[in-house]
Amino acid sequence: MKLVALDTSTDFLSLAVTDGERVFTHHERVGQKHAETALPALSRLLEEAGLALSSLDAVVYGQGPGSFTGLRIGCGLAQGLAFSANLPLIGIPTLDAVAAQTGASGTVLVAMDARMGQVYAAVYQDGRCQGAIGLFSPEALPLPEDAFTLAGDAWQVHEALLTGRLTGRPFNRTDVLRPEAAAYLKLASNGHYPKRPAREAEVLYVRDKVALTASEQQARRT
């Protein structure tokens, strides 16, 4: 399939385009400037690939969880592209992409920083998510009993809290920290994620609350 994929769930903008054989990517830290930088960067990728948006088969996007604002921007961009070219959408959870990027077989634990002292996490077995993506404190993060591969940026952000919990456990830590658009292209081609009309685009927030109150912030500092 000819596809474009985008992820704006972190402070990186990740884009990828495939003509069915070659893959063209753009991945850079943009902070909070996804909205300003995404379309110009995507136009350059399509030009490099020699493709028109209307010639694609679908628009793939990271549906979450992740940054609340980033997810809304990404979903809006995906919908806009799909509506303008009459294309279907394929939404893929961000943690699915991180798990796929490890290339690991067996058990993979993906844990991504969710801010507010929490992490988004899910366990994957041979590439398939086992249950739902959950929201946990680092102290309560469920760990697989057997050997597993650990991916995501939670280790970086919550290293002090996770080190003790992981001591003595058989695990392999990878350098895969965040989702990249190229992984969405591969996942979208496996047939496990349905195509949907642009009007049915969904965002996977997992968390309803997006910020701590002033008193909660003060309690975390004390």
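Side chains included, hydrogens not; waters and symmetry mates left out as well; all remaining heavy atoms used.
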Write out all pairs satisfying side-chain hydrogen bond (donor to acceptor under 3.5 Å, both in side chains) with one or both partners inside residues 140-152, taking only residues at least two apart or from two chains.
->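 Passing the test, one end in residues 140-152: no pairs.
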Linked, directly or transitively: [X] and [Y] (ILVMFWY side chains, under 4.5 Å):
{"X": "Val23", "Y": "Leu53", "answer": "no"}
{"X": "Tyr61", "Y": "Tyr184", "answer": "no"}
{"X": "Val60", "Y": "Leu77", "answer": "no"}
{"X": "Leu187", "Y": "Val59", "answer": "no"}
{"X": "Ile133", "Y": "Phe136", "answer": "no"}

TODO: With sequence neighbours excluded, tell me which residues meet side-chain contact (heavy atoms from CB on, under 4.5 Å) with Thr37.
DONE: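 Scan of Thr37 (side-chain contact (heavy atoms from CB on, under 4.5 Å), adjacent residues dropped) gives Leu13, Val30, Lys33.
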Whether the side chain of [X] engages the backbone of [Y] through a donor-acceptor N/O pair (distance < 3.5 Å, no angle test) should be reported.
{"X": "Arg115", "Y": "Ser67", "result": "no"}
{"X": "His34", "Y": "Asp7", "result": "no"}
{"X": "Arg207", "Y": "Ala114", "result": "yes"}

Which is it for Val108 and Val110 under the side-chain contact (heavy atoms from CB on, under 4.5 Å) test, yes or no, and what are the steps along the way? CA-CA 6 Å; Val108 176; Val110 178; 4.0 Å; yes
Return the [atom1] to [atom2] distance between [X] and [Y], rounded to the nearest 0.5 Å.
{"X": "Gln118", "Y": "Glu139", "atom1": "CD", "atom2": "CD", "answer": "10.0 Å"}
{"X": "Arg173", "Y": "Glu159", "atom1": "CZ", "atom2": "CD", "answer": "6.5 Å"}
{"X": "Gln156", "Y": "Leu177", "atom1": "CD", "atom2": "CG", "answer": "4.5 Å"}
{"X": "Arg165", "Y": "Thr163", "atom1": "CZ", "atom2": "OG1", "answer": "11.5 Å"}
{"X": "Met116", "Y": "Ser137", "atom1": "CE", "atom2": "OG", "answer": "12.5 Å"}

Side-chain heavy atoms of [X] within contact of [Y], under 4.5 Å:
{"X": "Leu56", "Y": "Leu81", "value": "no"}
{"X": "Thr69", "Y": "Gln32", "value": "no"}
{"X": "Leu71", "Y": "Leu204", "value": "no"}
{"X": "Leu3", "Y": "Ser189", "value": "yes"}

So which atom in [X] and which in [Y] form the shortest heavy-atom distance, rounded to 0.1 Å?
{"X": "Leu109", "Y": "Ala121", "result": "CD1-CB, 4.5 Å"}
{"X": "Arg128", "Y": "Gln130", "result": "O-NE2, 2.8 Å"}
{"X": "Val123", "Y": "Pro144", "result": "CG2-CG, 4.3 Å"}
{"X": "Leu141", "Y": "Ala111", "result": "CD2-CB, 4.2 Å"}
{"X": "Leu42", "Y": "Leu15", "result": "N-CD1, 3.7 Å"}
{"X": "Ala5", "Y": "Leu185", "result": "CB-CD2, 3.6 Å"}

Tell me, please, which residues at least two apart from [X] pass ring-ring contact (aromatic ring centres under 6.0 Å, His included).
{"X": "Phe148", "result": "Phe171"}
{"X": "His27", "result": "Phe12"}
{"X": "Tyr205", "result": "Phe68"}

Quiz item: What residues join Leu161 in its hydrophobic cluster, counting side-chain heavy atom gaps under 4.5 Å, either direct or through other members?
Solution: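 Grouped by the 4.5 Å side-chain rule, Leu161 forms a cluster of one, so the answer is none.
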- [ ] Quick one: list whatever passes salt bridge (charged side-chain N to carboxylate O under 4.0 Å, His left out) with Asp153, sequence neighbours left out.
- [x]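 Per chain and number, Asp153 pairs via salt bridge (charged side-chain N to carboxylate O under 4.0 Å, His left out) with no residue.
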Please name all residues satisfying side-chain hydrogen bond (donor to acceptor under 3.5 Å, both in side chains) with Asp113, sequence neighbours left out, ordered by chain then number.
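Counting only residues at least two positions away or on another chain, Asp113 forms a side-chain hydrogen bond (donor to acceptor under 3.5 Å, both in side chains) with His158.
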ask   = Which residues pass the side-chain hydrogen bond (donor to acceptor under 3.5 Å, both in side chains) test with Gln125, sequence neighbours left out?
value =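 Once residues adjacent in sequence are excluded, the partners of Gln125 under the side-chain hydrogen bond (donor to acceptor under 3.5 Å, both in side chains) criterion are Thr107.
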Atom NZ of residue position Lys186 - does it have more than 12 heavy atoms of other residues, nucleotides or ligands inside 6.0 Å?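 Atom NZ in Lys186 is not packed in, count stays at 12 or less.
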Ring pair (Phe, Tyr, Trp, His ring centres under 6.0 Å) pairs, two or more places apart, involving residues 100-121: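 Output for this query is empty, none listed.
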Evaluation steps, side-chain contact (heavy atoms from CB on, under 4.5 Å), between Leu150 and Leu166: CA-CA 10 Å; Leu150 176 63; Leu166 292 167; 3.9 Å; yes
### Query
Please, which pairs that meet salt bridge (Lys or Arg N to Asp or Glu O under 4.0 Å) have at least one residue in residues 16-32, sequence neighbours excluded?
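Salt bridge (Lys or Arg N to Asp or Glu O under 4.0 Å) check on residues 16-32 returns Asp11-Arg29, Asp19-Arg22.
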Donor-acceptor contacts under 3.5 Å from residues 85-103 side chains, at least two apart:
residue : atom : partner : partner atom : Å
Thr94   : OG1  : Gly64   : O            : 3.2
Thr94   : OG1  : Pro65   : O            : 2.7
Asp96   : OD1  : Tyr124  : OH           : 2.5
Asp96   : OD2  : Tyr193  : OH           : 2.7
Gln101  : OE1  : Glu180  : N            : 2.7
Gln101  : NE2  : Arg178  : O            : 3.0
Thr102  : OG1  : Ala99   : O            : 2.7
Thr102  : OG1  : Ala104  : N            : 3.2

